[in-house]
Q: 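One structure, pasted below without further comment.
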Amino acid sequence: MRYWLMKSEPDVFGIDHLAKAPKRTASWDGVRNYQVRNLLRDEIKFGDLAFFYHSSCPQPGVAGVMEVTSAAHPDLTQFDPKSEYHDPTSERSKPRWYAVDVTLKERFRNTVLLQELRDSAQLRTLQILRRGNRLSITPVSAAEWKSILKLAHAG
DNA sequence: GCCAACGTTGGC
DNA sequence: GCCAACGTTGGC
């Protein structure tokens, strides 16, 4: 079982959207970056756990915990002409983009702020803290996972 | 295959 | 709104 950190802009899709979704479950779709596509398709497995990270917002940080509750499947928005994620060059017989389903496990009382992550000596290796990191999904080590949970439950 | 121009991300 | 950093595009 592996750990991940998945970014989303709360204005577009935040942890509260997931909390209100049927069965607190939604498809993590709209990924249009090949490196992240490859993670979704090849590395992220049913039963993996992931932090829900809020980006591009007043208080960026880790807002809660999700579980991956499906295998990778084609991202349906690529075939939907009405979707902003529509990809007219992708064919149903050979989908280009993938998604997984995620289920909300825990919404933290307080978001673990980006600044707190930066301030933590144990999190120096966290990928999203690296300069220039732009991937919307990144792996998290078991030690990093524990450290972030500790910060979340300290307050 | 190179690389300049352009687009996107995301914190501040 | 700014800007650093990176990805993508497309002419050659």
Q: Check this for me, if you would: do A:Arg32 and A:Asp75 make a salt bridge, where the nitrogen-to-carboxylate-oxygen distance has to be below 4.0 angstrom?
A: yes

Q: Side chain of A:Lys7 only, heavy atoms from C-beta on: which candidate in B:dC12, B:dG10, C:dC6 is closest?
A: B:dG10

Q: Tell me whether the rings of A:Phe13 and A:His17 are parallel (<30°), tilted (30 to 60°) or perpendicular (>60°).
A: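 Rings of A:Phe13 and A:His17: parallel, under 30°.
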
Q: Mind grabbing the angle between the end helix axes of the helix from B:dG1-C:dC12 to B:dC12-C:dG1? Five pairs an end, 10° rounding.
A: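 The end axes of the helix from B:dG1-C:dC12 to B:dC12-C:dG1 are about 20° apart, to the nearest 10°.
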
Q: Residues sharing A:Tyr34's hydrophobic cluster, by side-chain heavy-atom contacts under 4.5 Å among ILVMFWY, directly or via others?
A: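 A:Tyr34 clusters with A:Trp97.
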
Q: Rounded to whole Å, please give me the gap between OH in A:Tyr53 and C1' in B:dG10.
A: 8 Å

Q: Just how far, in rounded Å, is C1' of C:dC6 from CD of A:Gln127?
A: 14 Å

Q: For A:Gln35 and B:dT9, give me the distance from atom CD to atom P, rounded to whole Å.
A: 14 Å

Q: Expressed in angstrom and rounded to an integer, what is the separation of A:Arg32 atom CZ from C:dT8 atom C1'?
A: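 Answer to the nearest Å: 15 Å.
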
Q: Side-chain N or O of A:Arg118 versus OP1/OP2 of B:dC12: is the shortest distance under 4.0 Å?
A: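 It does, given that an N or O in the side chain of A:Arg118 lies less than 4.0 Å from OP1 or OP2 of B:dC12.
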
Q: Just checking A:Glu9: base, sugar-phosphate only, or nothing, at a heavy-atom cut-off of under 4.0 Å?
A: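 It contacts nothing in the nucleic acid.
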
Q: Looking only at non-hydrogen atoms, find the nearest pair between A:Trp28 and A:Ser8 and report the distance.
A: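 So the two residues come closest at CH2-CB, 3.8 Å.
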
Q: List the steps and the verdict of side-chain contact (heavy atoms from CB on, under 4.5 Å) for A:Asn133 and A:Lys7.
A: CA-CA 12 Å; A:Asn133 164 72; A:Lys7 294 192 230 176; 3.5 Å; yes

Q: For A:Ile128 and B:dC12, what is the distance between atoms CD1 and P respectively, to the nearest whole Å?
A: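 Distance, rounded to whole Å: 11 Å.
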
Q: It should be established whether A:Tyr34 places a side-chain nitrogen or oxygen under 4.0 Å from OP1 or OP2 of nucleotide C:dC6.
A: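 For A:Tyr34, the contact criterion (side-chain N or O under 4.0 Å from OP1 or OP2 of C:dC6) is not met.
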
Q: B:dC12 C1' sits how many Å from A:Gln59 CD, rounded?
A: 14 Å

Q: Which whole-number value in Å describes the distance from A:Asp87 CG to C:dT8 P?
A: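 These atoms are roughly 13 Å apart.
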
Q: Could you check A:Asp101, A:Thr25, A:Ile44 and say which one makes a side-chain contact (heavy atoms from CB on, under 4.5 Å) with A:Ser70?
A: A:Asp101

Q: With rounding to the nearest 0.5 Å, note down the distance linking CZ in A:Phe51 to CG in A:Leu126.
A: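 CG of A:Leu126 is found 8.5 Å from CZ of A:Phe51.
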
Q: Reckon A:Ser55 touches a base, only the sugar-phosphate, or nothing at all at heavy-atom distances under 4.0 Å?
A: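 Contact class for A:Ser55: sugar-phosphate only.
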
Q: Using whole Å, what does the distance between atom P of nucleotide B:dG7 and atom CZ of A:Arg134 come to?
A: 14 Å

